[in-house]
Number of protein chains: 2
Amino acid sequence: MVNTITRRQQEIYDFLVENLDDFSHPPTLDELCMALGLSSKGSLHKQIQALIEAGLVEPMNNLRRGIRLTEHQQQEEDMLPMLGYIAAGRPIEVIEQQESIQVPESLRTSKPCYVLQIKGDSMIDEGIFDGDFIVVEKRSQARNGSIVVALVDNSEATLKRIEQKPGKVTLHPANSDFKPMHYKPDQVDIQGVLVGQMRRYH
Amino acid sequence: MVNTITRRQQEIYDFLVENLDDFSHPPTLDELCMALGLSSKGSLHKQIQALIEAGLVEPMNNLRRGIRLTEHQQQEEDMLPMLGYIAAGRPIEVIEQQESIQVPESLRTSKPCYVLQIKGDSMIDEGIFDGDFIVVEKRSQARNGSIVVALVDNSEATLKRIEQKPGKVTLHPANSDFKPMHYKPDQVDIQGVLVGQMRRYH
DNA sequence: GCCTCCAGTTCTATTCAGGTTCTATATTAG
DNA sequence: CTAATATAGAACCTGAATAGAACTGGAGGC
């Protein structure tokens, strides 16, 4: 059942995923040809057919209602991978089998993001509690003042406000019980920037 | 069972959604034909029939009362109404034109919910900050210990942890600068129970 | 009760546009 | 080279959309 698709077919599929919203209605083969810069709908038809067999596009059994993606594909739109747990002072605890979690668009950025769950109270002064979910944009740099997921000395992960100066990196914990920590730049590996947070009460 | 709709049918439906208000009464087939530039109500009837089967238009079983849409709001499955702002000590500030906001299923309950945005720092010790969005389940009762949206003396709304005893209601603010307040049961009107919270950092 | 009107329904025929099939040619990979 | 993949282009097939006419049945008037 799992039919491999060619590179070109992948390209076309990616195009569909990205641009399907631009069409007011599901596009016809001709319209898609136009959009893709092709001039033969016959060729495109063959590609689409392959995508249908791969289960990525809804089959149109002699019906004329335009090209549509399969239901399965479009509802994963607002899911992000839930990678694991972060507890101050320990490495990120990765979940063996990766889960997904629904994240509203407003809590993420257009860049790749992932979700971690908080263990412990190290960020309590920032209003980030034990059990909260945080949305992190995958990046290796950050602006001063951002809250980052940082891996220190390749061994312990923390969620802290960062302050970078030439030759010196300071991580400010948001719990007044702890003091800011100073490091050399090569000790600190930024793994992402905090962009959202969610908590459930029930 | 889910009947796929044809392109033209989608067009007609879109037209209905957009222009139905322009008619003083639900339009007849003939009127709609006129508006759509068609000259055969027979053809239009067939399209409408398809929309009825798709559940988008109310069936009219041999009655003559014009075309009506079904109250079918299911397309915005994970949207909740954003009603307004809540600031401790003032009534809820209602937004004039109601907006919607996307809320993950995990942050809401199966009961009716709505969203408010926090103004001020009255819940800061609970990790609920100025600007945060809270998800509230619409209820008029709550269990002790829940955080509720309560309207006190019909004039000021607050987000507080509730403790109900016979003849006495205590609201515990989560900011240590303030003291718990005691009321008579008929002074406090519960408007909902906190079930989720979201914050954005970018 | 009967009649008329008219919105809604049913039917058929016709046209048309969107999907399908095919062949030929170009391009790329192995 | 050969094989696999892409593209162009034409021919074709058929469901969808339309027009038009005829039928149905409920509402209202008499």
Side-chain angles (χ1 to χ4, degrees), chain A residues 2-71, chain B residues 1-70:
Chain A
V2 179
N3 253 316
T4 55
I5 68 179
T6 84
R7 178 178 303 175
R8 178 57 171 155
Q9 281 153 17
Q10 182 69 51
E11 269 179 42
I12 293 177
Y13 176 68
D14 291 344
F15 180 89
L16 283 176
V17 171
E18 209 164 303
N19 299 54
L20 215 50
D21 300 337
D22 299 352
F23 297 95
S24 51
H25 307 296
T28 68
L29 282 176
D30 289 294
E31 288 169 341
L32 252 193
C33 276
M34 201 81 69
L36 280 162
L38 298 179
S39 59
S40 156
K41 64 176 173 180
S43 336
L44 181 58
H45 175 259
K46 199 179 166 187
Q47 310 287 33
I48 298 291
Q49 214 56 31
L51 292 179
I52 290 174
E53 269 161 43
L56 299 173
V57 170
E58 272 199 15
M60 33 190 174
N61 316 296
N62 282 323
L63 304 177
R64 42 208 75 184
R65 46 165 187 59
I67 283 108
R68 305 176 183 192
L69 298 180
T70 51
E71 202 53 46
Chain B
M1 191 58 217
V2 178
N3 250 322
T4 52
I5 215 177
T6 186
R7 289 182 104 220
R8 179 57 171 154
Q9 282 152 17
Q10 181 71 51
E11 272 178 37
I12 292 176
Y13 178 68
D14 291 345
F15 179 90
L16 285 177
V17 170
E18 218 167 290
N19 300 58
L20 214 50
D21 301 337
D22 299 352
F23 297 93
S24 50
H25 304 296
T28 70
L29 282 177
D30 288 297
E31 287 168 340
L32 253 192
C33 276
M34 201 79 69
L36 279 162
L38 297 179
S39 60
S40 156
K41 64 176 174 181
S43 335
L44 181 57
H45 175 260
K46 200 179 167 188
Q47 308 287 37
I48 298 291
Q49 213 56 30
L51 292 179
I52 291 174
E53 267 163 45
L56 299 172
V57 169
E58 273 199 14
M60 36 190 172
N61 313 298
N62 282 322
L63 303 176
R64 45 189 85 182
R65 46 160 190 61
I67 282 102
R68 306 175 186 194
L69 298 181
T70 52

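Because the structure is predicted, anything quoted here is derived from the model rather than measured. Proteins get letters first, then strands, A, B, ... in listed order; numbering begins at 1 in each.
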Quick one: label [X] by what it contacts on the DNA or RNA (base, sugar-phosphate, nothing), any heavy atom closer than 4.0 Å.
| X | result |
| --- | --- |
| Leu63(A) | sugar-phosphate |
| Lys46(A) | nothing |
| Gln9(B) | sugar-phosphate |
| Leu38(B) | sugar-phosphate |

Nucleotide nearest [X] (side chain, heavy atoms from C-beta), chosen from [options]:
| X | options | result |
| --- | --- | --- |
| Ser39(A) | dT20(C), dA8(D), dA19(D) | dA8(D) |
| Arg7(B) | dT21(C), dG18(C), dT9(C) | dG18(C) |
| Arg8(A) | dA7(C), dT7(D), dG15(D) | dT7(D) |
| Gln47(A) | dT7(D), dA17(D), dT9(C) | dT7(D) |

Value in whole Å for how far the [atom2] atom of [N] lies from [atom1] of [X]:
| X | N | atom1 | atom2 | value |
| --- | --- | --- | --- | --- |
| Ile12(A) | dT7(D) | CD1 | C1' | 11 Å |
| Gln10(B) | dA16(D) | CD | C1' | 16 Å |
| Leu36(B) | dA17(D) | CG | P | 13 Å |
| Asn61(A) | dG19(C) | CG | P | 12 Å |
| His25(A) | dA16(D) | NE2 | P | 17 Å |
| Arg65(B) | dA7(C) | CZ | C1' | 12 Å |
| Glu11(A) | dA6(D) | CD | P | 9 Å |
| Arg68(A) | dG18(C) | CZ | C1' | 14 Å |

Are side-chain heavy atoms of Cys33(A) and Thr28(A) found at a separation under 4.5 Å? no
Is there side-chain contact between Thr6(B) and Leu63(A), with at least one heavy-atom pair below 4.5 Å? no
Okay, side chain of Arg7(B), backbone of Pro26(A): is any donor-acceptor separation there less than 3.5 Å? yes
Using the side-chain contact (heavy atoms from CB on, under 4.5 Å) rule, take Glu31(A) and His25(A) through it: C-alpha gap first, then chi angles, then the decisive distance, then the call. CA-CA 11 Å; Glu31(A) 288 169 341; His25(A) 307 296; over 6 Å; no
Just verifying a value: how many Å separate Leu56(B) CG and Gln9(B) CD, rounded to the nearest 0.5 Å? 9.5 Å
Any N/O donor-acceptor pair, Ser43(A) side-chain to dA8(D) base, under 3.5 Å: yes
Distance-only donor-acceptor test (3.5 Å): side chain Arg64(A), base dG19(C): no
If only side-chain N and O atoms of Thr6(A) are considered, is one of them under 4.0 Å from the OP1 or OP2 phosphate oxygen of dT5(D)? no
Does His45(B) place a side-chain N or O at less than 4.0 Å from the phosphate oxygens OP1/OP2 of dT9(C)? yes
